[in-house]
Amino acid sequence: MNKQDMTLQWLVNIGFVIVSLIALFPILSLLLSSFRPSSELMRNGISLTVDFSTLNINNYQYIFTEAGNYWTWYGNSLILSVITVVLSLFFSSMVGYALALYDFKGRNVLFMLVLFILMVPFEILMLPLYQLMINVQLINTYAAVLLPAIVAPIAVFFFRQYALGLPKELMDAARIDGSTEYGIFFKIMLPLMTPSLAAMAILQGLGSWNNFLWPLIVLRSNDMFTLPIGLATLLTPYGNNYDVLIAGSVMTIVPIILLFIFFQRYFVEGLTVGGVKG
């Protein structure tokens, strides 16, 4: 590597560091603010300014010892996110796999419908979905939160694009050996789709964990609220618990970080391959 290439590499690395610091700025500000009392937050707001004499762990002590509803909301969000990810990966991968590797009448029409639904904003679908939940008497149930997310159009499209790159010869060989179509999918093709499953698990998990609008519409009971809704209830006309709200928000980042760390080695590969296969 010559001197010019080394200089260019250093400039690229410095650029990446600057971009990373800019991206981390909100998180660092939130983390520092979570150790501040409410009075200072009201006075100075969220910032990177540090006054070590006022920093304390009272906000986290309150969350871990006294905020009973917070951990109920946390558990609700965690359970719903896990179930949503598992069901979405299971059904969406099957649909995408079928659209990619099976020739049947109406396949292209179904795929066009998937693309059409993908282009429709959720706000347009929200009212008919809500009316449907009323008709089937699922309001204030977790089923109402889960059902619209089980087969996500973006996940179907993603898995279909990834499955187009899978070798059909493996399917033919498995059929010759007497394997069923379900056996081919679960034992042969699904393991080959592991990178796409991991990448979509992160995206679906992040979307479900941060989902606010739809659970807010269909859930009624305080003890059934998810974490985003529960944190929003801390801000009322009668008192704003900004200190607890910010500390609670920091805790919400932990599952997403763990999810990304667990699947990170598949993430880039899954997005890259799934995005270029056509």
Side-chain angles (χ1 to χ4, degrees), residues 26-27 30 33-34 38 41 45-46 59 62-64 66-89 91-92 117-156 200-260:
I27 299 177
L30 189 69
S33 299
S34 68
S38 180
L41 286 172
I46 298 176
N59 299 333
Y62 178 82
I63 287 177
F64 281 99
E66 300 181 37
N69 283 340
Y70 176 82
W71 292 112
T72 300
W73 303 331
Y74 206 101
N76 294 341
S77 284
L78 193 61
I79 293 173
L80 285 174
S81 296
V82 170
I83 295 176
T84 299
V85 169
V86 171
L87 293 180
S88 178
L89 294 183
F91 289 108
S92 298
I117 297 174
L118 186 60
M119 293 184 290
V120 177
F122 177 74
E123 288 75 11
I124 296 178
L125 302 174
M126 190 167 54
L127 185 58
L129 276 176
Y130 179 68
Q131 186 61 51
L132 176 62
M133 295 304 151
I134 293 176
N135 294 338
V136 296
Q137 299 181 358
L138 289 179
I139 293 297
N140 200 34
T141 65
Y142 291 136
V145 180
L146 292 170
L147 287 177
I150 286 180
V151 183
I154 182 63
V156 172
M200 190 50 58
I202 295 176
L203 297 178
Q204 290 291 93
L206 182 62
S208 177
W209 183 257
N210 292 327
N211 192 11
F212 175 79
L213 183 59
W214 181 243
L216 177 65
I217 292 174
V218 297
L219 296 179
R220 298 287 183 270
S221 304
N222 184 275
D223 59 348
M224 295 185 66
F225 284 168
T226 58
L227 193 53
I229 305 174
L231 290 176
T233 62
L234 296 177
L235 301 179
T236 68
Y238 308 102
N240 296 317
N241 303 310
Y242 285 111
D243 48 352
V244 180
L245 174 64
I246 293 175
S249 299
V250 171
M251 295 295 297
T252 65
I253 303 174
V254 175
I256 299 301
I257 293 177
L258 294 177
L259 182 66
F260 183 78

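Counting begins at 1 with the first residue of the sequence. Note that the structure is a prediction, hence the values are computed from the model and not measured.
Side-chain rings of Trp214 and Tyr130 stay apart, their centers remaining 6.0 Å or farther from each other.
When side chains are defined from C-beta on, Val120 counts as touching Leu125, because their heavy atoms get closer than 4.5 Å. Side chains of Thr72 and Met224 form no contact here, defined as non-hydrogen atoms less than 4.5 Å apart. The shortest distance between side-chain heavy atoms of Thr226 and Leu80 falls below 4.5 Å. You'll find the side chain of Thr141 reaches within 4.5 Å of the side chain of Leu138, heavy atoms only. In this structure, Met126 and Leu129 have side chains that are not in contact, with every pair of non-hydrogen atoms separated by 4.5 Å or more. Here the side chains of Phe225 and Leu216 are not in contact, with every heavy-atom distance at 4.5 Å or above. Proximity of Leu231 to Thr252: side-chain heavy atoms (C-beta onward) are separated by under 4.5 Å at one or more points. Side-chain contact between Ser249 and Leu30: present, with at least one pair of heavy atoms (C-beta onward) separated by less than 4.5 Å.
Between Gln204 and Val85 the shortest heavy-atom distance is C-CG2, 4.0 Å. Between Ser88 and Ala152 the shortest heavy-atom distance is OG-CB, 4.3 Å.
Rounding to the nearest 0.5 Å gives a distance of 8.0 Å between CZ of Phe64 and OH of Tyr70. Rounded to the nearest 0.5 Å, atoms CG (Asn76) and CG (Asp223) are 7.5 Å apart. Rounded to the nearest 0.5 Å, atoms CG (Leu227) and CZ (Phe212) are 11.5 Å apart. Residue Leu89 holds its CG atom at 12.0 Å from CD1 of Ile150, rounded to the nearest 0.5 Å. A distance of 9.0 Å separates CG in Leu127 from CD1 in Ile217, rounded to the nearest 0.5 Å. Rounded to the nearest 0.5 angstrom, Ile117 CD1 and Ile154 CD1 are separated by 13.0 Å.
When atom types are taken as modelled, the side chain of Asn135 and the backbone of Gln131 share a donor-acceptor pair closer than 3.5 angstrom. Ser81 places no side-chain N or O within donor-acceptor distance of the main-chain N or O of Leu78, the cut-off being under 3.5 Å.
Residue Ser34 is tested with Ile63, Val250, Leu245 for a side-chain contact (heavy atoms from CB on, under 4.5 Å); the sole match is Val250.
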* Taking it one step at a time, do Tyr74 and Trp209 satisfy ring-ring contact (aromatic ring centres under 6.0 Å, His included)? -> CA-CA 10 Å; Tyr74 206 101; Trp209 183 257; 5.4 Å; yes

* Asked: Does the pair Asn69 and Asn222 meet the rule for a side chain to side chain contact (heavy atoms under 4.5 Å, CB included), with working shown?
  -> CA-CA 8 Å; Asn69 283 340; Asn222 184 275; 3.5 Å; yes

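Using a 3.5 Å distance cut-off with no hydrogens or angles, the side chains of Asn140 and Ser221 do pair a donor with an acceptor.
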